[in-house]
Amino acid sequence: MTKIFLADKEDTQQLGITLGETLAAGSVILLEGDLGAGKTTLVQGIGKGLGISDSIVSPTFTLINEYTEGRIPLYHLDLYRLEPQEVTGLNLESYWEGMEVTPGIVAIEWAERMPYKPDSYLIVRLIYGQEGTRQAEITTVNCQINFLQES
C-alpha cells in the first residue's frame, strides 16, 4: 500500500491528473471513502489527465457517466444508492473487459458495494485528515502503476 498526503482539493485533483496521464486502457479504480472525502474530485482530475473537457459530475442518480473524447474513455460509476444484489445485475464487467465498450479507465465510487471485482485493479481509499487534508491509500491488485513507490 502506498500512502499519499493530500493537503487540499487541488492535491486530490492533481493525484487524479497523474492517474489519468499514467493509466492504460482497461485500468479499474475502486474508490472508497466517506461522503465528501474527495472521490468525485479525484475522478475530475483523472478526466483532466485524460484530456476530457466535459464537466465531470458524480453519477449518483444516473449510475454511469461515459466520457469518450479524451486520450482513452473514462467510465465513471457510482454505486452509492445500490445494494450488492442490484450491482450484480448491472454487468459491470463489460466496462473492464472491453467487449461491449471501448476499453478505457473505469472509476467506481462506493466500490465496496460490488459483490465481485475484476482480475486486476487499484483501490484508492480517501481518508479525512485534519483541517481539510486528506490521505490517499493506494493498493494495487495484480497491476502496477509507474509513479507509485511502496511506502
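Treat the numbers as computed from the prediction; the structure is a model and nothing was measured.
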Validation row: [X], [Y] side chains within 4.5 angstrom (heavy atoms):
X: Ile138; Y: Leu15; answer: yes
X: Trp96; Y: Ile108; answer: yes
X: Leu126; Y: Thr41; answer: no
X: Pro115; Y: Val87; answer: yes
X: Leu19; Y: Ile105; answer: no

Indicate if Tyr67 and Leu63 have the same hydrophobic cluster label, given that clusters are the connected sets of ILVMFWY residues with side-chain heavy-atom separations under 4.5 angstrom.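 No; Leu63 is not reachable from Tyr67 via cluster members.
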Using the rule that two of Ile, Leu, Val, Met, Phe, Trp, Tyr join whenever any of their side-chain heavy atoms come within less than 4.5 Å, decide whether Leu31 and Val106 are in one cluster. no
To the nearest 0.5 Å, what is the distance between [atom1] ([X]) and [atom2] ([Y])?
X: Leu90; Y: Tyr95; atom1: CG; atom2: OH; result: 9.0 Å
X: Asp11; Y: Leu42; atom1: CG; atom2: CG; result: 11.5 Å
X: Arg134; Y: Asp8; atom1: CZ; atom2: CG; result: 10.0 Å
X: Glu112; Y: Leu30; atom1: CD; atom2: CG; result: 9.5 Å
X: Ile64; Y: Leu92; atom1: CD1; atom2: CG; result: 6.0 Å
X: Lys9; Y: Thr133; atom1: NZ; atom2: OG1; result: 16.0 Å

Set of side-chain contact (heavy atoms from CB on, under 4.5 Å) partners for Ser120, sequence neighbours left out: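 Checked Ser120 against side-chain contact (heavy atoms from CB on, under 4.5 Å); matches are Asn142, Cys143.
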List for me each residue that meets side-chain contact (heavy atoms from CB on, under 4.5 Å) alongside Asp119, sequence neighbours excluded, and say none if there are none. none
Per the ring pair (Phe, Tyr, Trp, His ring centres under 6.0 Å) rule, what does the pair list look like for residues 28-47, sequence neighbours excluded?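 Not a single pair qualifies under ring pair (Phe, Tyr, Trp, His ring centres under 6.0 Å).
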Strictly by ring pair (Phe, Tyr, Trp, His ring centres under 6.0 Å), give each pair with a member in residues 111-131 just once, sequence neighbours left out.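 For residues 111-131: none.
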Search all heavy atoms of [X] against all heavy atoms of [Y] and return the closest pair with its distance.
X: Ser94; Y: Val101; value: O-CG2, 3.6 Å
X: Glu137; Y: Gln135; value: OE2-NE2, 3.3 Å
X: Gly20; Y: Leu50; value: O-CD2, 3.3 Å

Is it the case that over 12 heavy atoms from other parts of the model lie below 6.0 angstrom from the NZ atom of Lys117? yes
Check Ile4, Leu6, Thr40 against Thr12 for a side-chain contact (heavy atoms from CB on, under 4.5 Å) and give me the one that passes.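 Running side-chain contact (heavy atoms from CB on, under 4.5 Å) over Ile4, Leu6, Thr40 with Thr12 returns exactly one hit, Leu6.
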What side-chain donor-acceptor pairs closer than 3.5 Å can you find for residues 72-82, not counting sequence neighbours?
from: Tyr75; atom 1: OH; to: Thr102; atom 2: O; distance (Å): 2.5
from: His76; atom 1: NE2; to: Glu109; atom 2: OE2; distance (Å): 2.6
from: Asp78; atom 1: OD1; to: Tyr80; atom 2: N; distance (Å): 2.9
from: Asp78; atom 1: OD2; to: Ser58; atom 2: OG; distance (Å): 2.7
from: Asp78; atom 1: OD2; to: Thr60; atom 2: OG1; distance (Å): 3.1

Expected output: side-chain [X] to main-chain [Y] donor-acceptor under 3.5 Å:
X: Gln44; Y: Ile56; answer: yes
X: Lys39; Y: Gly33; answer: yes
X: Arg71; Y: Gly51; answer: no
X: Glu69; Y: Ser53; answer: yes

For Val57, what are the other residues in its hydrophobic cluster, where any two members join if their side-chain heavy atoms are less than 4.5 angstrom apart?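 When side chains under 4.5 Å apart are linked, Val57 ends up in no cluster with other residues.
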